[in-house]
Amino acid sequence: MQITWVTALLNWFQLHQRELPWRQTKDPYAIWVSEIMLQQTRVETVVPYYRRFLERFPTVEHLAKAQIDEVLKLWEGLGYYTRAKNLHRAAQVIQQEYQSVFPRSHSEVLALPGIGDYTAGAIMSIAYGQPFPAIDGNVLRVIARLQLVQKDISLPQTKTEVAAFLKGVFPLEQASDFTQALMELGALVCLPMTPKCTLCPIQVHCQAKQRNMQQELPIKSKKTLPKREKRYLAIIQQGDKILMNKRPMAGLLGGLWEFPGVESKNKQDFVQNFKRQFGLTIIPKVHKLDTSHVFSHRIWEMKVYHSELVSGEVTTAADLHWIPIDQLNTIAIPSAFQKIKDSLLLGGKLC
DNA sequence: AATCCGGGGTC
DNA sequence: GACCCAGGATT
């Protein structure tokens with residue numbers, strides 16, 4: 001009996017898997033938290049966030065009763081902040097609908113906010129040992145090469161076909177290891193640009209390698225280029241305090257804090273838009289610094305002005321607060337503004 | 001099916 | 001710079 005590629009992969013995983021904090025548990029809550037953090041985010045980035053999060057919120061109930069602001073603070077710098085909000089909401093659903101016991105069925109897990117096909121499959125297989133495939137970027141790449149999938153992997157249909165293929169080969173007694181092994185192979189060996197085929201445990205089964213097409217696969221359509229946005233920011237100080245705006249919960253960087261700013265063409269436009277957005281009349285005084293921040297679909301080119309507050313009534317659209325400078329580290333500020341915050345802290349009060 | 005939603009590592 | 005990463009929700 002010839003050894004199957006599934007067995008070869010599982011054997012390789014036993015020998016070469018990394019020691020990761022979420023591999024020391026089968027607690028579905030802990031697995032869930034790790035999978036949400038790992039969405040579009042590298043393992044090394046996640047590890048310290050994961051440890052802090054599980055220490056602060058060791059169970060669903062701890063998370064369910066937390067304030068969203070504290071959850072966002074723990075998520076600060078990790079990005080895709082909707083993940084944190086959905087995690088929090090789902091914890092409350094689990095508390096109320098399931099008496100704080102993490103649901104066991106695929107349909108119930110899939111119905112939780114923030115859990116899609118991938119994460120549902122990952123939880124079902126990794127935590128519960130059930131044969132549901134978890135198809136992420138790693139798995140799509142591995143299978144595209146193994147099976148010579150020459151369709152665009154960003155098409156939903158391609159994912160459906162990969163799911164059907166995986167269901168047909170799923171090892172029923174080792175569902176957890178199989179799911180993790182596929183992703184681990186993609187992360188350590190079957191790399192996007194320069195796959196390490198000589199180290200690959202399933203190289204003899206790989207159709208792409210047989211044809212020397214590893215570099216061409218998978219096929220992925222190009223994403224649209226990010227839009228450039230000119231953004232003017234106001235640093236407004238009164239004594240030891242600085243005026244900060246809490247962004248609306250929905251949308252970009254929702255619920256996080258910013259130095260109040262507006263998209264504007266030029267300095268005059270800045271003052272006008274600022275008045276419209278925040279209800280405050282300001283005079284930009286000192287051009288402190290220029291900085292840019294790249295998002296997936298947007299580039300902010302920011303001009304930062306120390307500004308004088310003249311007058312105004314705060315609009316309901318804004319959520320402005322005077323924050324003591326030594327308490328800036330207690331609110332959730334996204335990476336886009338960290339350079340500005342640092343320059344403020346270094347520069348002291350009168351800059 | 002297309003678009004929005006972050007941030008950081010790598011080459 | 002370009003590419004990618006343990007994707008999901010919305011329209």
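These numbers come from the heavy atoms of this one structure, side chains and all, not from hydrogens, waters or symmetry mates.
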Would you mind checking if A:Lys73 and A:Glu76 are paired as a salt bridge, meaning a charged N to carboxylate O distance below 4.0 Å? yes

Closest-nucleotide 5' rank along DNA chain B - winner of A:Pro156 and A:Ala336: A:Pro156

Ion pair A:Arg231/A:Glu258, N-O distance below 4.0 Å: yes

Can you tell me if the side-chain N/O atoms of A:His293 get under 4.0 Å from OP1 or OP2 in B:dG6? no

A:Val43 side chain: which of C:dC4, B:dG7, C:dA6 is closest? C:dA6

Do the side-chain N or O atoms of A:Lys223 get closer than 4.0 angstrom to the phosphate oxygens (OP1, OP2) of C:dC5? no

Grab the NZ-C1' distance between A:Lys85 and B:dC5 for me, whole Å please. 9 Å

For the side chain of A:Arg18, starting at C-beta, report the closest nucleotide among B:dC5, B:dG6, C:dA6. C:dA6

Looking across every strand, which nucleic acid part, if any, lies under 4.0 Å from A:Ser34 by heavy atom: base, sugar-phosphate, or nothing? nothing

Using a cut-off of 4.0 Å on non-hydrogen atoms, how would the nucleic acid contact of A:Arg23 be classed: base, sugar-phosphate, or nothing? base

Are side-chain N/O atoms of A:Asp177 and A:Gln14 paired as donor and acceptor at under 3.5 Å? yes

Atom-pair distance (CG on A:Leu252; P on B:dC4), nearest Å: 11 Å

Base, sugar-phosphate, or nothing for A:Leu253, non-hydrogen atoms under 4.0 angstrom? sugar-phosphate

Reckon A:Gly254 touches a base, only the sugar-phosphate, or nothing at all at heavy-atom distances under 4.0 Å? nothing

How many whole angstroms separate atom CG of A:Leu87 from atom P of C:dG7? 15 Å

When A:Phe270, A:Tyr232, A:Tyr305 are each screened for ring pair (Phe, Tyr, Trp, His ring centres under 6.0 Å) with A:His287, the one that passes is A:Tyr305

So, is A:Arg298 close to the B:dC5 phosphate, meaning a side-chain N or O under 4.0 Å from OP1 or OP2? yes

Taking any heavy-atom pair under 4.0 Å as a contact, classify A:Ile115: base, sugar-phosphate, or nothing. sugar-phosphate

Does a side-chain N or O from A:Thr119 land closer than 4.0 Å to OP1 or OP2 of C:dG8, or not? yes

Does the side chain of A:Ile94 reach to within under 4.5 Å of the side chain of A:Tyr29, using non-hydrogen atoms? no

Would you kindly give the CG-to-P distance between A:Asn138 and C:dC3, to the nearest whole Å? 18 Å

Taking all heavy atoms of A:Leu289 and all of A:Ser343, pick out the closest pair and write down the distance. CD2-OG, 3.4 Å

Between atom CG in A:Leu74 and atom C1' in B:dG6, what is the gap in whole Å? 17 Å

Report the residue (A:Leu155 or A:Gly251) whose heavy-atom-nearest nucleotide on DNA chain B is the more 5′ of the two. A:Leu155

Does B:dG7 have its OP1 or OP2 closer than 4.0 Å to a side-chain nitrogen or oxygen of A:Tyr81? yes

What is the distance, rounded to the nearest whole Å, between atom CD of A:Gln39 and atom P of B:dG8? 18 Å

Taking atom P of C:dA6 as reference, at what distance in whole Å does atom CD1 of A:Ile123 sit? 17 Å

From CD1 of A:Ile299 across to P of B:dC5 the rounded distance in Å is 15 Å

For A:Ile126 and for A:Asn86, locate the closest nucleotide of DNA chain C by heavy-atom distance; then report the residue assigned to the nucleotide nearer the 5' terminus. A:Ile126

Taking the same atom, P, in C:dC3 and in B:dG6, what whole-Å distance lies between them? 22 Å

With respect to the side chain of A:Tyr80, which nucleotide from C:dC3, C:dG7, C:dA6 is positioned closest? C:dG7

Has the side chain of A:Tyr118 got a donor or acceptor that lies under 3.5 Å from a partner of the other kind on the base of C:dG7? no

Rounding to the closest angstrom, what is the interatomic distance between C:dA6 and B:dT3 at atom C1'? 22 Å

Just compare C:dC3, B:dG6, C:dA6 and give me whichever is closest to any side-chain atom of A:Gln40. B:dG6

Categorize A:Ser335 for me: base, sugar-phosphate, or nothing, with a 4.0 angstrom heavy-atom threshold over every strand shown. sugar-phosphate

Please work out if A:Thr45 contacts a base, only the sugar-phosphate, or nothing of the nucleic acid, heavy-atom cut-off 4.0 Å. nothing

Applying a 4.0 Å non-hydrogen cut-off, can you work out what A:Trp75 is touching in the nucleic acid: base, sugar-phosphate, or nothing? nothing

Neighbour count above 12 (heavy atom, 6.0 Å) for A:Arg228 CZ: no

